[in-house]
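Written out below as C-alpha cells is the structure these notes cover.
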Amino acid sequence: MKVLLLLALLAVSALAAQKRYDGYKVIQVKPKNVASFNALTKLYERQNSIYDFWTEPRSLDEPIDIMVPPTHAKEFEKILRTYNLEHRVKIQDVQSAIDVSRKDQASPTNVKDPRSRSGSSRYVVNWTEYHDYTTISVFLAQIAQAHPDIVTLKTIGKTHENREMYMVKISNTQANSNVTKNAILVDGGIHAREWIAPAFNTWLINELVENYAAHPEYLDNLDWYILPVMNPDGYVYSFADDRLWRKNRNPVNGPCVGIDLNRNFGFHWNEGGAAGNGCDDTYHGPTAFSEDESANARDAILSIAERTQVYLSYHSYSQVWLTPWGYTVDLPEDYPLLFDLAQNAVNNLTAVYGTQYAVGSTTGLLYVASGGSIDWIKGEAGIPYAYTVELRDTGDFGFLLPADQILPNNLEMWEAVKVIAEYTMNIV
Ligand code: 0X9
Ligand code: ZN
C-alpha cells in the first residue's frame, strides 16, 4: 500500500514538473500586405521568447503559425485588429493537444530487460509510437548486434549533460570492398520537439538493414552515415519536462537555457536570422561551435566528408525541401543541380499519397537563417548536395504530429530517399 502511494506521488510530481500550456493557442495568420508582414516580422524579431513562432514569417502569401500565451491574448487580438489580419485558430488549447498526444508516446524501455515490452518483435522500437532516447539507443545497439556485417554503431562524443551521441554506419563491406563508395549522411532531431525526424531516421536504418534484399545495391554501392538524434539532451527534455523544447540544454544564458544548434554551425555564423539574446529560441550561442553537440557533429562529419555527396538534415514541420544558402539570398553556383535532384525526389514522394512538398533555397522559401548545419556542410565540409527537409505536416498538428502519421510520413519520404540513393551511386 505504502509503495503504491509512493508511486502515485512520484507519478503526480513527474507530471507536475512538466511545463504546461493551459490556454495557449496556435493561431494561423495570413499577412497579405507589406504593413502587416512587417508588423509580424517585428513581433518575431523582438518578442519570440513570448510568442513562439511555430513557423516564421516567410512571405506575403504564406500563413504563419504563432503560439500565443493566455497572458498576451488581448495584446495579440489588438494586433490582429489593427492590421485587419485574416486568421484561424489551429489549436484551441495547446495543453489539451499535448495531453491527447501523450498516448503517442511509448512507455519507457526497461533497459535491464529490453525485450520485456516488445513482445514478439525483434527490436524495442516500432513506428506506431514515439520512443524516448533510451529506447532509441537500445534499438541502435540491438540492430548493430544483429547485423555486425553491415551495421557499425559509433559514439561521436558526449552531450552537455553527458549523454552519448550516436552515429550509425551502414554498408555492405563484403561488396565492392576494392572501391571507395560514395556516402550519404543523414541526421535529425537537431531541434528537440521535432519528434518525427528521429522517428524517420530509426525507420530508415531499419529499412536499409532489415530490407536489404529488396534493394541490395543501396548497401553494396553506398555507405550511409546516420545521426538519428542530434540533440539528445533536448530530446530527453521534450519527453520529460517541456514538450515544445527546441534548443540544447546548456545553461550558459543566465536565467534562460539552451542554444539553437541549427544557428551554431561555423560558416557565416551570426550573419542574420539568429538571435543574440540567450532567451530566444534561435539563440546562436557565444561562438560558432561553442556547443558539444555541434562540435561533435562537426568532427564526425569532417572525418567522412570527402566521400560524402549528399546530406539530408531532417526537421519538422512545413513539408519543404530546402537547399543552401541560409545566410544569404544568393544561390550556390550549382543550385540548378541541387534543385533538380530535390524536385525529382519530391515528385516520387508525392506519387505515394499525393503529399506536396515545396522545393527551393532556404532564404527563397523560408527566411535568412545563418549558422545552420546545411550551410557549413556545403560551404566548409564541401558536401555538394546539402538539404534540410521539413517533414509533415503543414500545421494542423505541427510539432504534435499524431503517431498514426509516422508510417505514412516515412513511407513517402523513403520514395524520395530512393531517388537520392540511385543518383548518388552514380556520381563519379
Ligand atoms: O529554422 C530552422 O532552423 C529550420 N526550420 S525549423 O522550423 N525546423 O526550425 C530551417 C533551417 C534551414 N536551413 C538553414 N538555416 N540554413
Ligand atoms: Zn527544426
Side-chain angles (χ1 to χ4, degrees), residues 26 44-45 48 52-58 62-67 187-201 227 229-231 234-235 238 244-248 258-275 280-285 288 291 293-294 297 311-332 335 338 342 357-381 383 385-395 397-401:
V26 176
Y44 169 63
E45 280 164 0
N48 86 36
D52 183 349
F53 279 65
W54 282 23
T55 61
E56 288 82 352
R58 300 196 243 168
E62 289 292 335
I64 309 170
D65 299 338
I66 307 171
M67 183 167 73
D187 73 25
I190 236 187
H191 292 140
R193 63 191 175 185
E194 300 166 6
W195 287 4
I196 186 64
F200 174 69
N201 286 346
L227 280 147
V229 188
M230 274 277 274
N231 176 11
Y235 190 71
S238 72
L244 295 173
W245 191 258
R246 168 183 168 101
K247 301 186 281 184
N248 77 351
I259 284 90
D260 184 350
L261 296 172
N262 214 33
R263 300 290 183 279
N264 191 242
F265 279 68
F267 184 72
H268 295 270
W269 175 80
N270 191 12
E271 290 189 13
D280 284 3
D281 250 352
T282 55
Y283 176 49
H284 49 53
E291 302 311 295
E293 296 83 2
S294 49
Y311 170 62
L312 299 173
S313 185
Y314 284 104
H315 287 251
S316 75
Y317 60 95
S318 287
Q319 293 170 200
V320 290
W321 193 296
L322 303 168
T323 77
W325 304 109
Y327 78 93
T328 169
V329 295
D330 295 345
L331 296 172
Y335 178 75
L338 272 77
Y357 271 67
V359 181
S361 80
T362 303
T363 43
L365 281 187
L366 297 192
Y367 36 77
V368 171
S370 62
S373 66
I374 57 165
D375 282 9
W376 177 83
I377 271 173
K378 184 168 178 61
E380 202 66 46
I383 297 172
Y385 295 89
Y387 299 112
T388 302
V389 181
E390 303 267 4
L391 296 165
R392 284 191 183 200
D393 58 11
T394 53
F397 297 96
F399 305 116
L400 305 173
L401 188 74

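On a predicted model such as this, the values are computed, not experimentally measured, just so you know. The residues of the chain are indexed from 1 along the displayed sequence. Indexing begins at 1, ligand by ligand and atom by atom, following the structure's order.
- Proximity of the aromatic rings of W376 and Y311 is defined here by a centroid distance below 6.0 angstrom, and this criterion is not met.
- Near H315, the atoms of ligand 1 lying under 4.0 angstrom from a non-hydrogen atom of the residue are 8 (N).
- T362 CG2, 3.8 Å is the protein heavy atom nearest to atom 14 (C) of ligand 1.
- Contacts between S316 and ligand 1, counted as non-hydrogen atom pairs separated by less than 4.0 Å, involve the backbone only.
- Annotation: side chain of Y357 is in contact with side chain of L391 (closest heavy-atom distance under 4.5 Å).
- Atom 8 (N) of ligand 1 has as its closest protein heavy atom E194 OE2, 2.9 Å.
- Put simply, the side chain of N231 gets close to the backbone of K247: a donor and an acceptor are under 3.5 Å apart.
- Nearest to atom 15 (N) of ligand 1 by heavy-atom distance, out of A369, G326, S361, is A369.
- Taking the Zn ion (ligand 2) as reference, the nearest N/O/S atom within H315 carries the name ND1.
- In terms of protein heavy-atom proximity, atom 5 (N) of ligand 1 is closest to E390 OE2, 2.6 Å.
- Inspection of the E291 and N248 side chains reveals an N or O donor paired with an N or O acceptor under 3.5 Å.
- Between the Zn ion (ligand 2) and the N, O or S atoms of H191, the shortest distance is to ND1.
- When only interatomic distances are considered, the shortest N/O to N/O separation between W54 and ligand 1 does not fall below 3.5 Å.
- Residue side and main chain included, E390 places no N/O/S atom under 2.8 Å of the Zn ion (ligand 2).
- Judged by distance alone, the side chain of T55 and the main-chain N or O of D65 form a donor-acceptor pair under 3.5 Å.
- T362 places a side-chain N or O within 3.5 Å of a backbone atom of T323 that can act as its donor or acceptor partner.
- In terms of protein heavy-atom proximity, atom 9 (O) of ligand 1 is nearest to R246 NH1, 2.6 Å.
- Under the 3.5 Å distance criterion, the side-chain polar atoms of D52 are left unmatched by any main-chain donor or acceptor of M67.
- Distance alone, capped at 3.5 Å, is enough to place a donor-acceptor pair between the Y387 side chain and the L338 backbone.
- Considering only non-hydrogen protein atoms, atom 11 (C) of ligand 1 sits nearest to N262 ND2, 3.5 Å.
- Ligand 1 has a nitrogen or oxygen under 3.5 angstrom from a nitrogen or oxygen of R263.
- For ligand 1, the polar-atom distance check finds no N/O of Y317 at less than 3.5 Å from any of the ligand's N/O atoms.
- With R263 contributing its side chain and D281 its backbone, the two residues share no donor-acceptor pair below 3.5 Å.
- By the 30° and 60° cut-offs, the orientation of the rings of H315 relative to H191 is perpendicular.
- With a 4.0 Å heavy-atom cut-off, ligand 1 is reached by the side chain of Y367 but not by its N, CA, C or O.
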